[in-house]
Amino acid sequence: KVVLLHSRNIGMTTFMLNICRCEEASPYTLANICMNVLIANLEELCSEKPDGTLCFPEHWSFPQEIADRFLGMMVYQGKLTDRTASIFQGNQMNLKMVNIQKAKISAAAFIKAFCHHKLVEVDATAVHSDLPIPDILSGLCSNSWIQQNLRCLLLDSTSIPQDSKQLSFGQLTGLRILSVFNVCFHTEDLANVSQLPNLENLDISNTLVTNISALLNCKDRLKFLTMHYLKCLTMTKPQILGVIRELQYLRHLDISNHRQLKSDLAFHLLQQEDILPNVVSLDISGGSCITDGAVERFIQQRPEMQFVGLLATDAGYSDFFTTKQGLRVAGGASMGQISEALSRYGNRSCFMKEALYRLFTETFSMHVHMPAILKLVAVGMRNHPMDLPVQFTASACALNLTRQGLAQGMPVRLLSEVTCLLFKALKNFPHYQQLQKNCLLSLTNSRILVDVPFDRFDAAKFVMKWLCRHENPKMQTMAVSITSILALQLSPEQIAQLQEELFMAVKELIAIVKQKTTEKLDDVTLLFALKALWNLTDESPAACKHFIENQGLAIYVQVLETFSESSVQSKVLGLLNNIAEVREFSSKLVTEDVMKHISSLLHSKEIEVSYFAAGIIAHLTSNKQPWLFRDLQRNALLQDLHATMKNWPSPSCKMSALVTYRSFKSFYSLLGNFSQPVVQLWGLWAMCHVCSKNPSKYCKMLVEEGGLQLLYDIQGHSQANPQAQQMATSILEDFRIPFLI
Ligand SMILES: *[C@@H]1O[C@H](CO)[C@@H](O)[C@H](O)[C@H]1NC(C)=O
Ligand SMILES: *[C@@H]1O[C@H](CO)[C@@H](O)[C@H](O)[C@H]1NC(C)=O
Ligand SMILES: *[C@@H]1O[C@H](CO)[C@@H](O)[C@H](O)[C@H]1NC(C)=O
Ligand SMILES: *[C@@H]1O[C@H](CO)[C@@H](O)[C@H](O)[C@H]1NC(C)=O
Ligand SMILES: *[C@@H]1O[C@H](CO)[C@@H](O)[C@H](O)[C@H]1NC(C)=O
Ligand SMILES: *[C@@H]1O[C@H](CO)[C@@H](O)[C@H](O)[C@H]1NC(C)=O
């Protein structure tokens, strides 16, 4: 999908970055949807064998590509266990490429499930220590087909038990690609591996190798050599370069290093004449003393070069690197270089930090949305969940990449993933303030808060806790405003589960309202707090109770006495409506202080104020209990209500407050009682109003909650007020509700 650009000064690289190649912009494939369903329902679809493991129905069989992907998806979702791995026993599933990254299965299960397949690739990156390398190797070597045909074996970050003997790769004669990044792999193991007759591609980054002379054994075969951060090398630079010089056929060499180690190996390499004649890709990121001039000279002598890694060096800044055709650069000098760095170094936290930091400074002046970049940020966050600098820098980048309008152009699924990763970071680093601030800020983004799926329950919990921390006023305002929106997105059941947070949040919000009232300051924080309280108490008797117990009513009377803006009044009355709907609390409202204001606001010129005051009166008078000794007052209120409603515009009129209901339940007791026609009338007017504003939502609600019968009853009732009958008819007919059923 090509995104239109608005700025003229954007170079070609930026343009390329905006062509969103990320799959999140497309719907899920049918195959993926089907496999997801299978995985979600494994327990039901499978039968259980006597040993407690699962198997698919006998007649099922998966073609190889689907079987490979199915396994990959199970692993990604954390569903591969000893119990489920048994699905791959036998020959129903035909595996060729096994990917069990980070899985937790035992050696026995691994051998039974996978080692009888004709495997050509095995990715066991970071599998759990239940499955150490010696067991993987002996499992694979138990099958002579695999011995000869396995081409690719990735063992990054897998474990080797302390007491194990020397690793034996020798039997895997078909092996072309081997990666032991971040493994306790020694010089002797390298000697063993270097004998493999077909080895072309070797990654020994961050291993315990001290001497790479053994590589000379495979100098005629080796095309790709990655030895990033080979921290234990004891050889001198001339010795290392001597070995590299012999590797005539190398096309890719990676000797990148942590910047802190100040390694000048790359500096010396660049000075060498006629070394690496066939190289097309050289990674020297993190090297010391590297200059643009030296790199340029090296590349000019090798015109076939396609890639150079220069992140965390002093090079990459000259025009040469932007103008050289066909050369990709991972570095920090431009958006293109940063993007290349992010996509190459996803697994190297030291470079990830550096690239994210560069990205962050670039995002200051960014005006286009870059989904592909945001996705790379997400990958970095996912790969390094426990690395605080990565999480923190990535959260700041994510924030700037989605700020305000930029989020509009991002695929929802991508935003959803980023938001979930941010919350994961919060859980992993609960005491790191700035990370929390970044999370909070990302939620102030209305697209994320409204459109994007994420765990709103967790989010509400976090935001309400934050609310009570008395941070600086700006952050508090943000927390209040997010609470006010999240409150509406939780179901009443979820709110009920948030008792403790809810209790603290209501108390805190009341305190904010009180303080603003004392200061006579009707700023946005006050308005957000009133809105949050209104929304939190909606259909939540528990929240109403906390409100009353924390002197909320007295404070709200003060609010009404202090501010006369209708935007304040309608929010106050909205909350009082919520309390009036709860029968057991309605008597708390029937006090002189409260009723005085309500009867007076009934006559407000602002229809929304009058409407909410009328709602309170309708709910309160429908219950005779609180009026035992004041029947006169009750009758007077009802008469006043009737008289006022006669002057109201039609229910389809516009109000400046958006009236919303989560359900019509509280209306049904009003509508069903024919001895109180005015109360009925208010209920009908209200329903008519919201149906006219959002027919699809409310007409559906009316039908689903069984409210239709009440309308028919009113239509046909001999004692019903004619105006009420007319209103019921109009709801039924204007919205053609009977046709919805
Ligand atoms: C590799 O190591 C194993 C176990 O020590 C040994 O049996 C095998 O001969 C070695 N292979 C080579 C080629 O050195
Ligand atoms: C590295 O190994 C080679 C071959 O075994 C040996 O000749 C050389 O002395 C070793 N170098 C160092 C520095 O240990
Ligand atoms: C990073 O590691 C994952 C496994 O954790 C692997 O699938 C992926 O290809 C690696 N990415 C890079 C850029 O090396
Ligand atoms: C990016 O984020 C930083 C810190 O969060 C902020 O100071 C900066 O203004 C943001 N840049 C833009 C363009 O919003
Ligand atoms: C109707 O409302 C009146 C007045 O509150 C009450 O006495 C009566 O019991 C109600 N009737 C029903 C059926 O709820
Ligand atoms: C929530 O608050 C908003 C803004 O004050 C209001 O428009 C809306 O009707 C409230 N919704 C509910 C269900 O309380």
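In listed order, ligands and their atoms are each counted from 1. Every heavy atom of this structure was used, including side-chain atoms; hydrogens, water molecules and symmetry mates were not.
- Salt-bridge annotation for K223 and E200: present, with a side-chain N of the basic residue lying under 4.0 Å from a carboxylate O of the acidic one.
- Among V243, T236, N211, the residue whose heavy atom sits closest to atom 12 (C) of ligand 2 is N211.
- Counting heavy atoms closer than 4.0 Å to ligand 6, residue L488 contributes side-chain atoms (C-beta onward) but none from N, CA, C or O.
- Distance check for atom 14 (O) of ligand 2: a protein heavy atom is found below 4.0 Å.
- The closest approach between any non-hydrogen atom of W534 and ligand 6 is below 4.0 Å.
- Contacts with ligand 6 closer than 4.0 Å are made by heavy atoms of both the backbone and the side chain of T660.
- At the shortest separation from atom 4 (C) of ligand 2 among protein heavy atoms lies S213 CB, 4.0 Å.
- Between F667 and W682, the two ring planes are parallel [angle under 30°; tilted spans 30° to 60°].
- S164 contributes no side-chain N or O that, together with a main-chain N or O of I160, makes up a donor-acceptor pair within less than 3.5 Å.
- By the neighbour-count criterion of 12 heavy atoms within 6.0 Å, atom NZ of K516 is densely surrounded, having more than that number from other residues, nucleotides or ligands.
- Under 4.0 angstrom from ligand 6, the non-hydrogen atoms of K571 all belong to its side chain.
- Inter-residue side-chain proximity for L671 and L684 is flagged as met; some heavy-atom pair is nearer than 4.5 Å.
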